[in-house]
Amino acid sequence: MITNKEIARIFDEIADILEVKDEGGFKVRAYKRAARTIEGLTESLSNFSSVKELKNLPSIGDALAKKIYEITTTGKLNYYEDLKASVPEGILELLYVPGVGPKTVAKLYSERGIADIESLEMAAKNHEIQELSGMGKKSEEKILKGISQYRKHKERVPLGEAYFKAQEIVKSLKNLKAVEEIQFAGSIRRMKETIGDIDILCASKQPSEVMSAFKALDGISEMIASGDTKTSLIIDNMQVDLRVVEPDSFGSALQYFTGSQFHNIKLRDLALKKGLKLNEYGVFEGDRTIAGKREKDVYSSLGLSFIPPELREDQGEIEAATEDALPDLIEIQDIKGDLHIHSTWSDGRNSIEEMVDKARLMGYEYIAICDHSPAIGITRGVDEEKLLCEMSEIKQINDNLDDFRVLSASRLI
DNA sequence: GCCGTTTTCGGCCCGACTGTTTTCAGTCG
Ligand SMILES: Nc1nc2c(ncn2[C@H]2C[C@H](O)[C@@H](COP(=O)(O)OP(=O)(O)OP(=O)(O)O)O2)c(=O)[nH]1
Ligand SMILES: [Mg+2]
Ligand SMILES: [Mg+2]
């Protein structure tokens, strides 16, 4: 059965082909937006039983609903097959070379017949690229650099990995005098399962100081771009983007840099419809700044309740925020108990009482003590006799507590 | 191709950085 990921990929490819053929316009964005929606779904598109049902999804209209239905029922999409056949195999791979976009790909193919990475590399090495209009020596070098980076290119990394790397970088810049505020943004702040790069935002009145420190970090293998307010580096094979703004714009810049891309587009469009302008520097009514320092003011100035980063995917959250109808997200403090705890009765490091103390400190209301039984050959397992003793200890603990409950259990497997 | 507190047709986010260019196009965030 075809997965959502595969369908999203088909839509992404359609968008790429249309863009290279310059036939896209806003259709390209529509396909990409739909691809992001599909990636974010928790239910398989194969479970949707009608075009009508599919059309209820945000960014999926009549045309795309029919295409999805064709894919899930027949296993393929004729429009996509035809489109794919209309361009040379492998040409889309060129788009994955950083710095090479649809216009360049079209030019390379129409003027040099280049349709794969190897030919592109050859042409660049033979200095054939600089002969093309609008291309020079540096474009050639940039392409070669891009190809080598593409070949090293890492897949998206799990959140857990990127999160700690981002924290490390934030920590190493935080103590600079020039840094007023610094925090990670992008997909890490939105807590996506996988992360493409590390995005870090900084507020400073001396941006060049921050940039210099950033560019002097350990482990940098490449500098992709570097200007007054934005620098992109490769650190440990991962791209790290640093954006620096004035403290007065920190909130709006955080909103911008947190994304997602389509959340930003919809938010900026909403601002326009309200006669305002939104960018990373603030919310503006004519020449007047009406928000910027604090992120929450960006949302409130647009008549929206605050949208938690985890929801900023253009999946209907902006519409919900208009009516103050956002869902309550589960927070750490909503976790009220833990139903699998070991203690020193078997292989745990802490006594039951110690575990209770810590659990209460964490705001829990109950825990279950599930020490091993000897059933699967655990040598320090709690057998029937010991279990009775353990249970009486637990009963005693419970007798002394009125706002907390310890449950007795035995782990058999 | 999507979508509607201006609209069912006509709009569709906005700015930084680079390279090649005498004023801007392309790519990316
Ligand atoms: N307004 C606007 N903001 C954008 C656009 N593209 C990216 N951004 C903002 C929102 C993104 O979350 C943020 C960082 O861009 P990234 O390319 O790193 O994307 P993101 O971190 O969301 O996902 P990733 O895991 O890195 O692929 O920049 C855009 O086209 N328009
Ligand atoms: Mg990112
Ligand atoms: Mg980024």
Side-chain angles (χ1 to χ4, degrees), chain A residues 11 14-15 18-20 22-37 54-68 79 94-108 129-143 145-146 185-187 196-201 207 211 223-233 239-245 249 252-253 255-284 302-303 314 316 318-319 322-323:
Chain A
F11 284 1
I14 290 173
L18 290 174
E19 222 178 1
V20 168
D22 199 18
E23 285 172 10
F26 289 96
K27 233 201 277 197
V28 171
R29 186 187 293 174
Y31 273 101
K32 296 228 168 183
R33 187 157 42 121
R36 300 290 77 75
T37 293
L54 287 162
K55 259 176 60 172
N56 286 333
L57 294 170
S59 76
I60 307 292
D62 204 43
L64 290 184
K66 282 184 178 139
K67 288 188 167 74
I68 294 170
Y79 172 67
L94 294 175
L95 289 171
Y96 290 101
V97 176
V100 174
K103 303 286 183 196
T104 307
V105 170
K107 191 195 293 255
L108 289 170
I129 303 294
Q130 51 180 297
E131 289 159 23
L132 300 174
S133 64
M135 306 277 250
K137 247 185 150 57
K138 289 194 170 173
S139 318
E140 220 163 59
E141 285 162 20
K142 201 175 163 186
I143 284 175
K145 263 176 117 178
S187 49
D197 69 354
I198 294 174
D199 302 292
I200 296 174
L201 177 70
M211 283 304 175
M223 193 162 84
I224 298 165
S226 183
D228 294 339
T229 73
K230 197 175 92 177
T231 291
S232 294
L233 303 172
Q239 183 168 333
V240 185
D241 295 336
L242 176 71
R243 184 75 199 262
V244 185
V245 297
S249 291
S252 45
Q255 190 292 309
Y256 150 71
F257 218 26
T258 298
S260 69
Q261 180 193 12
F262 289 105
H263 175 88
N264 286 357
I265 289 175
K266 186 161 280 181
L267 209 59
R268 288 170 180 212
D269 186 55
L270 179 70
L272 287 176
K273 288 187 168 121
K274 290 179 177 287
L276 306 170
K277 184 167 89 146
L278 167 63
N279 58 29
E280 61 265 50
Y281 299 107
V283 181
F284 304 94
L302 297 172
D314 186 26
I318 292 176
E319 292 81 350
T322 326
E323 299 159 16

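Note on naming: letters A, B, ... go to the chains in the order of the sequence lines (proteins, then strands), and numbering restarts at 1 for each one.
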Inset, instruction - Pick base, sugar-phosphate or nothing for A:I265, based on heavy-atom distances below 4.0 Å to the nucleic acid. - result: base

Inset, instruction - Answer yes or no: is there a side-chain heavy-atom contact under 4.5 Å between A:D62 and A:K55? - result: yes

Inset, instruction - Measure from the side-chain heavy atoms of A:S139 and tell me the nearest of B:dT7, B:dG19, B:dG1. - result: B:dG19

Legend entry - Pairwise C1' distance, B:dG19 and B:dC12 [rounded to whole Å]: 29 Å

Inset, instruction - Would you indicate what A:S226 reaches in the nucleic acid, counting non-hydrogen atoms under 4.0 angstrom: base, sugar-phosphate, or nothing? - result: sugar-phosphate

Legend entry - Salt-bridge contact A:E19-A:K103 (side-chain N to carboxylate O under 4.0 Å): no

Legend entry - Position toward the 5' end of DNA chain B (nearest nucleotide), A:G134 or A:S232: A:G134

Legend entry - Euclidean distance for C1', B:dT7 against B:dC2 (whole angstrom): 13 Å

Inset, instruction - Look at the side chain of A:K138 and decide which nucleotide, out of B:dG1, B:dC14, B:dG19, has an atom nearest to it. - result: B:dG19

Inset, instruction - Identify whether any heavy atom of A:K266 sits under 4.0 Å from a base atom; if not, whether one sits that close to sugar-phosphate; answer base, sugar-phosphate or nothing. - result: nothing

Inset, instruction - Pick base, sugar-phosphate or nothing for A:Q239, based on heavy-atom distances below 4.0 Å to the nucleic acid. - result: sugar-phosphate

Inset, instruction - Flag the pair A:S232 / A:Q239 as yes when at least one side-chain heavy-atom distance between them is below 4.5 Å, and no otherwise. - result: yes

Legend entry - Distance in angstrom units between A:D241 CG and B:dT27 P, rounded: 18 Å

Inset, instruction - Rounded to the nearest angstrom, tell me the gap between atom NZ in A:K145 and atom C1' in B:dT18. - result: 12 Å

Legend entry - C1' spacing across the pair B:dT20 / B:dA25, given as an integer number of angstrom: 9 Å

Inset, instruction - Mind calculating the distance between CD (A:E140) and P (B:dG19) to the nearest angstrom? - result: 13 Å

Inset, instruction - Take atom P in B:dT21 and the same atom in B:dG26, then report the distance between them in whole Å. - result: 13 Å

Inset, instruction - Ignoring hydrogens and angles, answer whether the base of B:dC12 and the side-chain atoms of A:R29 contain a donor-acceptor pair closer than 3.5 Å. - result: no

Legend entry - Distance-minimising heavy-atom pair for A:Y281 and A:S249: O-OG, 3.0 Å

Inset, instruction - Report the relative orientation of the aromatic rings in A:Y79 and A:Y31; use parallel for angles under 30°, tilted for 30 to 60°, perpendicular for over 60°. - result: parallel

Inset, instruction - Take atom P in B:dT5 and the same atom in B:dC13, then report the distance between them in whole Å. - result: 15 Å

Legend entry - Paired nucleotide for B:dT8 [Watson-Crick or G-U wobble; both distances under 3.5 Å]: none

Inset, instruction - For the side chain of A:K277, starting at C-beta, report the closest nucleotide among B:dG15, B:dG1, B:dC13. - result: B:dG15

Legend entry - Distance, P atom - from B:dT6 to B:dG11, rounded to whole angstrom: 15 Å

Legend entry - Donor on one side chain, acceptor on other, A:Q261 and A:D314, under 3.5 Å: no

Inset, instruction - Counting heavy atoms from C-beta on, name the nucleotide in B:dG1, B:dC13, B:dT27 closest to the side chain of A:K67. - result: B:dG1

Inset, instruction - Look at the side chain of A:T104 and decide which nucleotide, out of B:dT27, B:dC13, B:dG1, has an atom nearest to it. - result: B:dT27

Inset, instruction - For A:K107 and B:dG19, give me the distance from atom NZ to atom P, rounded to whole Å. - result: 16 Å

Legend entry - Euclidean distance for P, B:dG15 against B:dT22 (whole angstrom): 26 Å

Inset, instruction - For A:K103, answer base if it contacts any base atom (sugar-phosphate contacts may also be present), sugar-phosphate if it contacts only those atoms, and nothing otherwise; contact means non-hydrogen atoms under 4.0 Å. - result: sugar-phosphate

Inset, instruction - Indicate yes or no: does A:R268 engage A:E280 in a salt bridge with an N to O separation below 4.0 Å. - result: yes

Legend entry - N/O donor-acceptor pair, side chain A:Y256 with base B:dG29, under 3.5 angstrom: yes

Legend entry - Residue met sooner reading DNA chain B from 5', once A:E323 and A:G101 are mapped to nucleotides: A:E323

Legend entry - Per A:D197 side chain, nearest of listed nucleotides B:dG19, B:dA16, B:dG29: B:dG29

Inset, instruction - Kindly point out which of B:dC2, B:dC17, B:dC13 is positioned nearest to the side chain of A:L64? - result: B:dC2

Legend entry - Among B:dA16, B:dG15, B:dC13, the one nearest A:T229 by side-chain distance: B:dA16

Legend entry - Sugar-phosphate only, base, or nothing, as touched by A:L278 at under 4.0 Å among non-hydrogen atoms: sugar-phosphate

Inset, instruction - Look at all strands and tell whether A:I224 reaches a base, only sugar-phosphate, or nothing, counting heavy atoms closer than 4.0 Å. - result: nothing

Legend entry - Proximity to the side chain of A:A63 - top-ranked nucleotide from B:dT20, B:dG1, B:dT27: B:dG1

Legend entry - Nucleotide nearest A:F26 (side chain, heavy atoms from C-beta), chosen from B:dG1, B:dC14, B:dG29: B:dG1

Inset, instruction - Assign A:K32 to base, sugar-phosphate, or nothing according to its heavy-atom contacts below 4.0 angstrom with the strands shown. - result: nothing

Legend entry - Whole angstrom value for the distance that separates C1' of B:dC13 from CZ of A:R268: 6 Å

